[in-house]
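Report on the following structure.
These numbers were taken from a predicted model, which means no experiment stands behind them. The sequence lines fix the lettering, A, B, ..., with proteins before strands; numbering per chain opens at 1.
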2 protein chains.
Amino acid sequence: MAPETHTDKVYEAELARLRERLLEMGGLVEAAIAAAVRAIMERDTPLAEKVISSDREVNRAEVEIDDMCRRLLALRQPAASDLRFITTALKIVTDLERMGDLAVNVAERAIDLTQSAPLRPFHDLTELADLSASQLGKALDAFVERNVEKAEEVIHGDDLLDAIYHRLFGDLLTYMMEDSRVVRRGTNTMFAAKQLERFGDHATNVAEMVVYMVRGTDVRHPHSRGADPAPVHDA
Amino acid sequence: MAPETHTDKVYEAELARLRERLLEMGGLVEAAIAAAVRAIMERDTPLAEKVISSDREVNRAEVEIDDMCRRLLALRQPAASDLRFITTALKIVTDLERMGDLAVNVAERAIDLTQSAPLRPFHDLTELADLSASQLGKALDAFVERNVEKAEEVIHGDDLLDAIYHRLFGDLLTYMMEDSRVVRRGTNTMFAAKQLERFGDHATNVAEMVVYMVRGTDVRHPHSRGADPAPVHDA
């Protein structure tokens, strides 16, 4: 669905700037999660610390974009699809800020994990991280393009992300049950994985909001989001 | 800080209705998390199933409140503090919907946990649940009253909630390291606790948005939210 066209060039430029800033903020968050996982893989404490300090920039972007949205609402009195676009942007920016926090949490785990021997082969979180970051990129593209098909790809992509997370979770659990000396490291790794899965959930939230924004129908499936692995029972 | 006064009685009534619906939605979510934890404690599968099916009502409330906000923005063209109030409501409703999802996740854990023997004394999640629910109630009161002091109480209350969660997490970890037969049940309980802690984080998010709404300054402390327990290391 194409955005409305406006005779007012200044208004057009303001909307374009909002889109651009949201994509930039998304780029910051994508870079942060990728770096946080690289810090785990390469046991790189300075890199983890860089992720933690760079979160300030994400927070500044949130405040700025929030203000842009409120100013547009107050001064331009948008209607119809622009109103939906701006109110959705207001919600998306909150998701992006929280994704930034998740990257910080992963970076903090990275610092913890460098203090003990690596938990091979289960500390490989790259696949989960790559997929989560690509889900975010695609969701934001869907938003600025108002592209429902792309948003739906993200929503379906979450199943793969969940599957990878659940497999890793199961492997870690088995490992921990076999060798109690790895329980702590295993739990740390589990929680890092859990943050990546939550990161992916936020991307799905963004995609669902895009579908709602464009179609006006609610496609959200609460039960498929944020759920932990399938029931497991002790012997 | 008192809300603006309006000469337009209909507009006043619409704003009052928005406040009322948000509190009602909050009440639904509070009841859901309390029931989900009761289902774990009392090993009550039908109660857990009731929580899962009642989430539809939470989702309907979200769509309705979203629409109320958009209608107010489009038709009333609010400025200043009303604009802030309505745009904050748009964000809060998303937090409430996700809190409903967390209650569903806890209810799903409750069903899983009834299928094996209880993990005494570590399955007591009541304290965490009570505190999370009371944090939400207080945060929503702060929102409708535009009460910064109450919001700040919620923000500080999150430290207690985190402390309870971390203690439970540590106890479970020790238990699991001592007896590998409880690793699976312990992990299930850990994740239920984690959902409760996330529930509390959403209450803190709401409180932070209230401070931002009223004062116009950002008090958000990303590092204190959503973090997992302090670093633990294998021997």
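Looking at A:Val58, there are no atoms closer than 4.5 Å to chain B (heavy atoms on both sides), in backbone or side chain. For A:Asp179, no part lies under 4.5 angstrom from a heavy atom of chain B.
Looking only at side-chain heavy atoms (C-beta outward), A:Met190 and B:Met190 stay at 4.5 Å or farther from each other. Taking 4.5 Å as the limit, some side-chain heavy atom of A:Val183 sits within range of a side-chain heavy atom of B:Leu173.
Between B:Arg98 and A:Asp201, none of the side-chain N atoms (NZ, or NE/NH1/NH2) sits under 4.0 Å from a carboxylate O, so this pair counts as no salt bridge. A salt bridge links B:Lys91 and A:Asp66; the closest N-O separation between the charged side-chain nitrogens and carboxylate oxygens is under 4.0 Å.
Looking only at heavy-atom pairs under 4.5 Å with chain B, the residue among A:Ile86, A:Leu75, A:Leu90 that has the most is A:Leu90.
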Given B:Leu73 and A:Gln77, is the side-chain contact (heavy atoms from CB on, under 4.5 Å) satisfied, shown in steps?
CA-CA 8 Å; B:Leu73 289 170; A:Gln77 296 157 357; over 6 Å; no
For B:Met177 and A:Met176: C-alpha separation, side-chain torsions, deciding distance, then whether side-chain contact (heavy atoms from CB on, under 4.5 Å) applies. CA-CA 9 Å; B:Met177 288 170 77; A:Met176 284 156 65; over 6 Å; no
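Atom-to-atom distance recorded for B:Asn205:CG and A:Thr94:OG1 is 8.5 Å, nearest 0.5 angstrom. Going from atom CZ of A:Phe169 over to atom CZ of B:Phe191 covers 4.5 Å, rounded to the nearest 0.5 Å.
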